[in-house]
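Have a look at the structure below, then the notes.
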Amino acid sequence: MMQQPPAGGVAPPQSMAADQSQTQQYQQQPQSQPWMMMQQQQQPQAGQPVPPPSGWAPQPVPPPSQMQQYPAGSATAGSSEIRSLWIGDLQQWMDENYLINIFAHTGEVASAKVIRNKQTGLPEGYGFIEFVSRAAAERVLQSYNGVPMPNSEQNFRLNWAALGYGEKRQDEGPDYTIFVGDLAADVSDYMLQETFKAVYPSVKGAKVVTDRTTGRSKGYGFVRFGDETEQLRAMTEMNGIYCSTRAMRIGPAANKKPVTGQQYPKASYQNTQGNPGENDPNNTTIFVGGLDPSVSEDQLKQIFSQLGEVVHVKIPANKHCGFVQYANR
DNA sequence: TATGAGCGG
(Lines give C-alpha, C1' and ligand atoms only; values in the text may rest on other atoms or scores of the structure.)
Protein backbone atom coordinates (compact mmCIF):
# COMPACT_ATOMS: atom_id res chain seq x y z
CA MET A 1 0.00 0.00 0.00
CA MET A 2 1.37 3.27 -0.93
CA GLN A 3 0.78 6.22 1.23
CA GLN A 4 1.67 9.11 -0.89
CA PRO A 5 3.01 12.03 1.08
CA PRO A 6 2.19 15.50 0.01
CA ALA A 7 4.81 15.99 -2.60
CA GLY A 8 4.47 19.68 -2.57
CA GLY A 9 8.16 20.21 -2.35
CA VAL A 10 10.34 21.15 0.51
CA ALA A 11 9.84 24.50 2.06
CA PRO A 12 13.02 26.49 1.91
CA PRO A 13 14.60 26.61 5.33
CA GLN A 14 13.73 30.20 5.84
CA SER A 15 12.69 29.85 9.43
CA MET A 16 16.09 28.49 10.23
CA ALA A 17 17.80 31.45 8.79
CA ALA A 18 15.60 34.23 9.94
CA ASP A 19 18.45 36.65 9.85
CA GLN A 20 18.94 36.02 6.22
CA SER A 21 16.95 38.06 3.82
CA GLN A 22 16.69 35.62 1.02
CA THR A 23 14.02 37.41 -0.82
CA GLN A 24 14.17 38.05 -4.48
CA GLN A 25 16.75 40.66 -5.23
CA TYR A 26 17.64 39.60 -8.70
CA GLN A 27 17.88 43.12 -9.97
CA GLN A 28 20.39 44.16 -7.40
CA GLN A 29 24.05 43.58 -6.92
CA PRO A 30 25.13 42.75 -10.43
CA GLN A 31 28.37 41.37 -9.08
CA SER A 32 26.69 38.72 -7.00
CA GLN A 33 25.93 35.25 -8.25
CA PRO A 34 22.41 33.92 -7.88
CA TRP A 35 23.29 31.49 -5.15
CA MET A 36 24.80 34.33 -3.22
CA MET A 37 21.66 36.35 -3.60
CA MET A 38 19.54 33.58 -2.31
CA GLN A 39 21.67 32.54 0.60
CA GLN A 40 23.81 35.16 2.08
CA GLN A 41 27.00 34.21 3.69
CA GLN A 42 27.09 33.78 7.37
CA GLN A 43 30.46 34.34 8.83
CA PRO A 44 30.99 32.26 11.93
CA GLN A 45 33.50 33.44 14.44
CA ALA A 46 36.73 31.75 13.59
CA GLY A 47 38.45 29.60 16.13
CA GLN A 48 35.41 29.35 18.27
CA PRO A 49 33.70 26.03 18.66
CA VAL A 50 29.99 26.25 18.17
CA PRO A 51 28.45 25.85 21.57
CA PRO A 52 25.53 23.48 21.92
CA PRO A 53 22.39 25.56 22.10
CA SER A 54 20.44 25.22 25.27
CA GLY A 55 17.90 22.51 24.94
CA TRP A 56 20.28 20.27 23.10
CA ALA A 57 22.16 18.43 25.76
CA PRO A 58 25.04 16.31 24.53
CA GLN A 59 23.94 12.74 24.47
CA PRO A 60 26.61 10.20 23.77
CA VAL A 61 23.97 7.51 23.75
CA PRO A 62 20.43 8.62 23.13
CA PRO A 63 17.47 6.67 24.34
CA PRO A 64 16.54 4.21 21.65
CA SER A 65 12.95 5.16 22.07
CA GLN A 66 13.61 8.28 20.11
CA MET A 67 14.41 6.37 17.01
CA GLN A 68 11.51 4.04 17.09
CA GLN A 69 8.99 6.72 16.43
CA TYR A 70 10.30 6.74 12.92
CA PRO A 71 10.74 3.17 11.80
CA ALA A 72 12.80 2.83 8.69
CA GLY A 73 11.17 1.64 5.56
CA SER A 74 7.76 2.51 6.86
CA ALA A 75 6.65 4.21 3.75
CA THR A 76 6.53 3.95 0.02
CA ALA A 77 8.19 1.74 -2.48
CA GLY A 78 9.92 -1.39 -1.34
CA SER A 79 12.26 -0.92 -4.22
CA SER A 80 15.97 -0.61 -3.78
CA GLU A 81 15.99 3.03 -4.73
CA ILE A 82 18.30 5.09 -2.62
CA ARG A 83 16.25 7.45 -0.53
CA SER A 84 18.74 8.20 2.21
CA LEU A 85 21.03 11.14 2.53
CA TRP A 86 24.42 11.15 4.14
CA ILE A 87 24.96 14.13 6.41
CA GLY A 88 28.37 15.22 7.59
CA ASP A 89 30.08 17.77 9.77
CA LEU A 90 27.73 17.04 12.64
CA GLN A 91 28.49 18.51 16.02
CA GLN A 92 28.55 16.27 19.06
CA TRP A 93 25.25 17.53 20.32
CA MET A 94 23.39 16.90 17.07
CA ASP A 95 21.47 13.73 17.73
CA GLU A 96 18.72 11.83 15.92
CA ASN A 97 16.08 14.09 17.37
CA TYR A 98 17.83 17.11 16.02
CA LEU A 99 18.03 15.66 12.54
CA ILE A 100 14.44 14.56 12.55
CA ASN A 101 13.21 17.88 13.81
CA ILE A 102 15.04 19.75 11.11
CA PHE A 103 13.10 18.03 8.38
CA ALA A 104 9.96 17.19 10.30
CA HIS A 105 7.96 19.85 8.54
CA THR A 106 8.41 18.06 5.24
CA GLY A 107 6.48 15.13 6.59
CA GLU A 108 8.73 12.94 4.53
CA VAL A 109 11.39 11.76 6.95
CA ALA A 110 11.37 8.03 7.57
CA SER A 111 14.28 7.74 9.97
CA ALA A 112 17.50 9.31 11.08
CA LYS A 113 20.65 7.90 12.57
CA VAL A 114 23.79 9.41 13.97
CA ILE A 115 26.79 7.12 13.73
CA ARG A 116 28.65 6.65 16.98
CA ASN A 117 31.91 5.05 17.92
CA LYS A 118 31.30 1.55 19.17
CA GLN A 119 33.71 1.91 22.07
CA THR A 120 33.27 5.44 23.26
CA GLY A 121 29.71 6.00 22.16
CA LEU A 122 30.71 9.38 20.86
CA PRO A 123 29.34 10.62 17.55
CA GLU A 124 31.58 10.11 14.55
CA GLY A 125 30.38 13.34 13.01
CA TYR A 126 28.08 11.98 10.36
CA GLY A 127 24.78 10.26 10.00
CA PHE A 128 21.99 9.22 7.69
CA ILE A 129 18.52 10.49 7.07
CA GLU A 130 16.11 8.24 5.28
CA PHE A 131 13.15 9.74 3.50
CA VAL A 132 9.93 8.21 2.29
CA SER A 133 11.03 8.45 -1.30
CA ARG A 134 14.00 9.29 -3.40
CA ALA A 135 12.19 12.36 -4.64
CA ALA A 136 11.73 13.61 -1.10
CA ALA A 137 15.39 13.07 -0.36
CA GLU A 138 16.36 14.86 -3.51
CA ARG A 139 14.22 17.86 -2.63
CA VAL A 140 15.97 18.14 0.70
CA LEU A 141 19.37 17.68 -0.90
CA GLN A 142 18.69 20.47 -3.36
CA SER A 143 17.13 22.84 -0.86
CA TYR A 144 19.27 22.46 2.20
CA ASN A 145 22.74 21.63 1.01
CA GLY A 146 25.11 24.43 1.81
CA VAL A 147 22.68 26.53 3.81
CA PRO A 148 23.18 27.15 7.53
CA MET A 149 22.03 24.48 9.93
CA PRO A 150 19.61 25.55 12.65
CA ASN A 151 21.18 26.43 15.97
CA SER A 152 24.56 26.25 14.35
CA GLU A 153 26.81 28.50 12.37
CA GLN A 154 27.88 25.88 9.93
CA ASN A 155 26.24 24.79 6.73
CA PHE A 156 24.48 21.60 5.86
CA ARG A 157 26.73 19.04 4.28
CA LEU A 158 24.43 16.61 2.55
CA ASN A 159 24.99 13.99 -0.06
CA TRP A 160 23.38 10.84 -1.32
CA ALA A 161 24.00 7.90 0.89
CA ALA A 162 26.30 5.66 -1.09
CA LEU A 163 24.35 2.56 -0.31
CA GLY A 164 20.72 1.72 -0.40
CA TYR A 165 19.32 -0.20 2.50
CA GLY A 166 20.69 -3.72 2.57
CA GLU A 167 22.89 -3.20 -0.41
CA LYS A 168 26.56 -3.77 -0.44
CA ARG A 169 29.15 -1.34 -1.51
CA GLN A 170 30.09 -1.95 -5.07
CA ASP A 171 33.59 -1.39 -6.14
CA GLU A 172 33.35 1.00 -8.99
CA GLY A 173 37.00 0.93 -9.78
CA PRO A 174 39.80 3.32 -9.04
CA ASP A 175 39.41 6.99 -8.39
CA TYR A 176 41.35 9.62 -10.24
CA THR A 177 41.46 12.68 -8.06
CA ILE A 178 42.42 16.25 -8.66
CA PHE A 179 43.09 19.05 -6.25
CA VAL A 180 40.99 22.18 -6.67
CA GLY A 181 42.15 25.33 -4.96
CA ASP A 182 41.08 28.93 -4.70
CA LEU A 183 37.48 28.01 -4.09
CA ALA A 184 35.01 30.67 -3.08
CA ALA A 185 33.71 30.38 0.46
CA ASP A 186 30.22 29.39 -0.60
CA VAL A 187 31.20 26.45 -2.80
CA SER A 188 29.69 23.24 -1.49
CA ASP A 189 30.55 19.65 -2.29
CA TYR A 190 27.53 19.46 -4.51
CA MET A 191 28.29 22.65 -6.37
CA LEU A 192 31.86 21.57 -6.98
CA GLN A 193 30.76 18.16 -8.13
CA GLU A 194 28.13 19.47 -10.52
CA THR A 195 30.48 22.03 -11.97
CA PHE A 196 32.72 19.22 -13.14
CA LYS A 197 30.00 16.71 -13.84
CA ALA A 198 28.44 19.05 -16.34
CA VAL A 199 31.52 18.55 -18.45
CA TYR A 200 32.88 15.18 -17.35
CA PRO A 201 30.36 12.36 -16.91
CA SER A 202 32.75 10.14 -15.01
CA VAL A 203 32.85 12.46 -11.99
CA LYS A 204 32.09 10.39 -8.91
CA GLY A 205 32.11 13.03 -6.24
CA ALA A 206 33.71 16.09 -4.81
CA LYS A 207 34.72 17.26 -1.41
CA VAL A 208 35.37 20.73 -0.14
CA VAL A 209 37.72 20.69 2.81
CA THR A 210 36.33 22.50 5.80
CA ASP A 211 37.51 23.40 9.23
CA ARG A 212 35.87 20.88 11.48
CA THR A 213 35.48 23.38 14.27
CA THR A 214 33.92 26.20 12.37
CA GLY A 215 32.51 24.35 9.41
CA ARG A 216 33.94 26.97 7.12
CA SER A 217 35.52 26.11 3.83
CA LYS A 218 39.29 26.07 3.71
CA GLY A 219 39.11 27.17 0.12
CA TYR A 220 40.18 23.97 -1.52
CA GLY A 221 38.81 20.56 -2.28
CA PHE A 222 39.00 17.44 -4.37
CA VAL A 223 37.13 16.02 -7.32
CA ARG A 224 37.15 12.31 -8.06
CA PHE A 225 36.86 10.93 -11.57
CA GLY A 226 36.21 7.40 -12.68
CA ASP A 227 37.98 7.96 -15.95
CA GLU A 228 41.61 8.93 -16.06
CA THR A 229 41.31 10.61 -19.42
CA GLU A 230 38.68 12.95 -18.10
CA GLN A 231 40.78 13.64 -15.03
CA LEU A 232 43.68 14.66 -17.19
CA ARG A 233 41.49 16.76 -19.43
CA ALA A 234 39.96 18.52 -16.44
CA MET A 235 43.41 19.40 -15.21
CA THR A 236 43.96 21.73 -18.09
CA GLU A 237 40.46 22.50 -19.29
CA MET A 238 39.01 23.50 -15.94
CA ASN A 239 41.97 25.39 -14.62
CA GLY A 240 40.96 29.02 -14.32
CA ILE A 241 37.27 28.22 -14.81
CA TYR A 242 34.86 29.92 -12.46
CA CYS A 243 33.01 28.04 -9.78
CA SER A 244 30.79 30.47 -7.93
CA THR A 245 32.65 33.76 -7.77
CA ARG A 246 36.22 32.66 -8.19
CA ALA A 247 38.44 31.00 -10.74
CA MET A 248 39.54 27.53 -9.71
CA ARG A 249 43.17 26.55 -9.56
CA ILE A 250 43.66 22.90 -10.31
CA GLY A 251 46.52 20.66 -9.46
CA PRO A 252 47.27 16.99 -8.91
CA ALA A 253 46.00 15.39 -5.73
CA ALA A 254 49.00 14.88 -3.50
CA ASN A 255 48.39 11.34 -2.37
CA LYS A 256 46.36 8.29 -3.22
CA LYS A 257 47.57 7.83 -6.72
CA PRO A 258 45.46 5.00 -8.12
CA VAL A 259 47.84 4.38 -10.97
CA THR A 260 51.51 3.71 -10.70
CA GLY A 261 54.13 6.05 -11.92
CA GLN A 262 53.50 9.12 -14.00
CA GLN A 263 53.71 12.00 -11.62
CA TYR A 264 52.46 15.16 -13.13
CA PRO A 265 54.73 18.18 -12.97
CA LYS A 266 52.90 21.24 -11.79
CA ALA A 267 54.10 23.32 -14.68
CA SER A 268 51.97 21.34 -17.07
CA TYR A 269 48.81 22.57 -15.41
CA GLN A 270 49.32 26.19 -16.06
CA ASN A 271 46.51 27.37 -18.24
CA THR A 272 48.16 28.55 -21.34
CA GLN A 273 45.00 30.13 -22.70
CA GLY A 274 45.91 28.51 -25.96
CA ASN A 275 44.27 26.10 -28.33
CA PRO A 276 40.76 27.19 -29.20
CA GLY A 277 38.16 24.73 -30.38
CA GLU A 278 35.60 22.59 -28.67
CA ASN A 279 37.88 22.22 -25.71
CA ASP A 280 38.68 25.87 -25.63
CA PRO A 281 40.02 26.52 -22.15
CA ASN A 282 38.44 29.93 -22.35
CA ASN A 283 35.02 28.38 -22.43
CA THR A 284 33.40 28.52 -19.03
CA THR A 285 30.41 26.66 -17.76
CA ILE A 286 29.23 27.71 -14.36
CA PHE A 287 27.05 25.68 -12.05
CA VAL A 288 24.30 27.66 -10.38
CA GLY A 289 22.92 26.13 -7.23
CA GLY A 290 20.06 26.97 -4.89
CA LEU A 291 17.85 28.37 -7.60
CA ASP A 292 14.29 29.25 -6.82
CA PRO A 293 11.97 27.18 -9.03
CA SER A 294 10.50 30.34 -10.42
CA VAL A 295 13.75 31.41 -12.01
CA SER A 296 13.74 30.97 -15.76
CA GLU A 297 16.62 30.35 -18.10
CA ASP A 298 16.05 33.77 -19.59
CA GLN A 299 16.32 35.42 -16.19
CA LEU A 300 19.45 33.49 -15.47
CA LYS A 301 20.90 34.57 -18.76
CA GLN A 302 20.10 38.19 -18.04
CA ILE A 303 21.76 38.07 -14.66
CA PHE A 304 24.90 36.41 -15.90
CA SER A 305 25.15 38.45 -19.04
CA GLN A 306 26.26 41.31 -16.86
CA LEU A 307 29.50 39.48 -16.35
CA GLY A 308 30.22 38.46 -19.91
CA GLU A 309 28.87 36.96 -23.08
CA VAL A 310 26.58 34.07 -22.21
CA VAL A 311 26.24 31.55 -24.99
CA HIS A 312 24.03 28.98 -23.31
CA VAL A 313 21.85 28.57 -20.23
CA LYS A 314 20.29 25.33 -19.08
CA ILE A 315 18.03 24.63 -16.12
CA PRO A 316 17.27 20.91 -15.91
CA ALA A 317 13.66 20.06 -15.18
CA ASN A 318 12.76 19.70 -11.52
CA LYS A 319 16.15 20.83 -10.39
CA HIS A 320 17.13 23.77 -8.30
CA CYS A 321 20.23 24.40 -10.27
CA GLY A 322 21.37 25.39 -13.70
CA PHE A 323 24.34 25.85 -15.94
CA VAL A 324 25.56 29.00 -17.58
CA GLN A 325 28.11 28.86 -20.30
CA TYR A 326 30.16 31.87 -21.21
CA ALA A 327 31.86 32.33 -24.54
CA ASN A 328 34.94 33.43 -22.70
CA ARG A 329 35.89 35.65 -19.86
C1' DT B 1 45.97 30.59 0.77
C1' DA B 2 46.18 25.23 -0.39
C1' DT B 3 46.59 18.50 -0.42
C1' DG B 4 40.54 15.56 3.18
C1' DA B 5 39.54 11.38 5.05
C1' DG B 6 33.14 11.01 4.45
C1' DC B 7 28.89 5.70 4.43
C1' DG B 8 25.51 2.38 9.28
C1' DG B 9 21.83 -0.79 10.52
Side-chain angles (χ1 to χ4, degrees), chain A residues 46 61-62 64 66-68 70-74 80 82-91 94-96 99-100 110-131 137 141 145-146 154-172 175-185 187-190 192-193 203-225 231 234-235 239-240 243-258 263-266 269-270:
Chain A
V61 181
Q66 290 179 353
M67 290 171 273
Q68 273 143 26
Y70 306 89
S74 61
S80 59
I82 297 177
R83 51 181 187 266
S84 294
L85 298 181
W86 180 93
I87 182 169
D89 286 358
L90 295 179
Q91 304 280 1
M94 295 175 175
D95 56 11
E96 281 81 357
L99 296 180
I100 286 171
S111 66
K113 181 159 190 62
V114 171
I115 304 306
R116 294 180 173 78
N117 184 285
K118 286 285 198 301
Q119 275 85 44
T120 67
L122 292 173
E124 297 277 18
Y126 70 94
F128 298 89
I129 306 156
E130 186 188 9
F131 293 85
L141 178 62
N145 209 359
Q154 63 189 87
N155 294 340
F156 278 102
R157 168 163 270 175
L158 293 164
N159 217 325
W160 286 111
L163 313 171
Y165 185 83
E167 290 181 22
K168 289 187 175 170
R169 172 184 290 281
Q170 51 183 0
D171 187 4
E172 293 181 3
D175 286 349
Y176 303 94
T177 304
I178 62 173
F179 172 88
V180 183
D182 214 14
L183 292 176
V187 174
S188 66
D189 296 350
Y190 186 73
L192 185 62
Q193 170 179 316
V203 167
K204 291 181 175 180
K207 166 150 193 196
V208 175
V209 178
T210 58
D211 185 302
R212 275 312 299 266
T213 317
T214 66
R216 294 175 67 182
S217 168
K218 287 187 173 178
Y220 65 90
F222 300 87
V223 179
R224 292 180 295 115
F225 297 78
Q231 175 212 28
M235 289 261 187
N239 194 31
C243 181
S244 182
T245 56
R246 301 181 72 171
M248 297 179 286
R249 294 298 156 194
I250 299 181
N255 50 5
K256 274 272 183 182
K257 278 273 182 279
Q263 299 294 316
Y264 309 107
K266 274 194 173 178
Y269 302 113
Q270 301 302 322

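Hydrogens, waters and symmetry mates play no part in the numbers below; they use all other heavy atoms, side chains included. Per chain, numbering begins at 1; letters A, B, ... match sequence-line order. Bear in mind the structure is a predicted one, so any value in this text is a computation, not a measurement.
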Exercise. Is the side chain of A:Asp211 donor-acceptor paired with the backbone N or O of A:Thr213 at a distance under 3.5 Å, no angle test?
Worked result: yes
For this session: Write down the distance between CD1 (A:Ile178) and P (B:dT3), rounded to a whole number of angstrom.
Result: 16 Å
Exercise. Atom CD of A:Glu124 to atom P of B:dG4: distance rounded to whole Å?
Worked result: 19 Å
Exercise. How long is the line joining CZ of A:Arg116 and C1' of B:dG9, in whole Å?
Worked result: 13 Å
For this session: Could you label the plane-to-plane angle of the A:Phe222 and A:Phe179 rings as parallel, tilted or perpendicular, counting under 30° as parallel and over 60° as perpendicular?
Result: perpendicular
For this session: Mark yes or no for whether A:Asn117, through its side chain, and A:Leu122, through its backbone, hold a donor-acceptor pair below 3.5 Å.
Result: no
Exercise. CG of A:Asp211 versus C1' of B:dA2: gap in Å, rounded?
Worked result: 14 Å
Seminar exercise, completed: Quick note, A:Phe222 side chain, CB onward, closest among B:dG6, B:dC7, B:dG4 is B:dG4
Exercise. At under 4.0 Å between heavy atoms, what does A:Asp189 touch on the DNA or RNA strands: base, sugar-phosphate, or nothing?
Worked result: base
Problem set entry | OP1 or OP2 of B:dG9 under 4.0 Å from side-chain N/O of A:Lys118 | yes
Exercise. Quick one: A:Asp175 CG to B:dA5 P, roughly how many Å, whole number?
Worked result: 17 Å
Exercise. Is B:dG4 in the syn range, within 90° of 0, or in the anti range?
Worked result: syn
For this session: Describe the nucleic acid contact of A:Tyr126 in one word from base, sugar-phosphate, nothing, applying a heavy-atom distance below 4.0 Å.
Result: sugar-phosphate
Exercise. Of the nucleotides B:dC7, B:dG4, B:dT3, which one has an atom closest to the side chain of A:Pro252?
Worked result: B:dT3
Exercise. A:Asp89 CG to B:dA5 C1': how many Å, rounded?
Worked result: 12 Å
For this session: Please check if the side chain of A:Gln231 supplies one atom and the backbone of A:Arg224 the other of a donor-acceptor pair under 3.5 Å.
Result: no
Problem set entry | Residue mapping more 5' on DNA chain B - nearest nucleotide basis, A:Gly181 or A:Lys207 | A:Gly181
Problem set entry | Exam field: side chain A:Arg157 to backbone A:Val208, donor-acceptor pair closer than 3.5 Å | yes
Problem set entry | Main-chain N/O of A:Val114 paired with A:Arg116 side-chain donor or acceptor, under 3.5 Å | yes
Exercise. Given that A:Arg157 and A:Lys218 both sit by DNA chain B, which one's nearest nucleotide is further toward the 5' end?
Worked result: A:Lys218
For this session: Give a yes/no verdict on base stacking between B:dA2 and A:Phe179: centres under 5.5 Å, planes within less than 30° of parallel.
Result: no
Problem set entry | Closest to side chain of A:Ala161, choosing from B:dG6, B:dC7, B:dT3 | B:dC7
Exercise. Rounded to whole angstroms, how far apart are CG on A:Asn117 and P on B:dG9?
Worked result: 11 Å
Exercise. Between B:dC7 atom P and A:Leu158 atom CG, what is the distance in whole Å?
Worked result: 16 Å
Exercise. With a 3.5 Å cut-off and just heavy-atom distances, do the side chain of A:Lys113 and the base of B:dG8 make a donor-acceptor pair?
Worked result: no
Problem set entry | Sugar-phosphate, base or nothing in reach of A:Gly219, heavy atoms under 4.0 Å | base
For this session: Select base, sugar-phosphate, or nothing to describe what A:Arg246 touches, counting heavy atoms under 4.0 Å on all strands.
Result: base
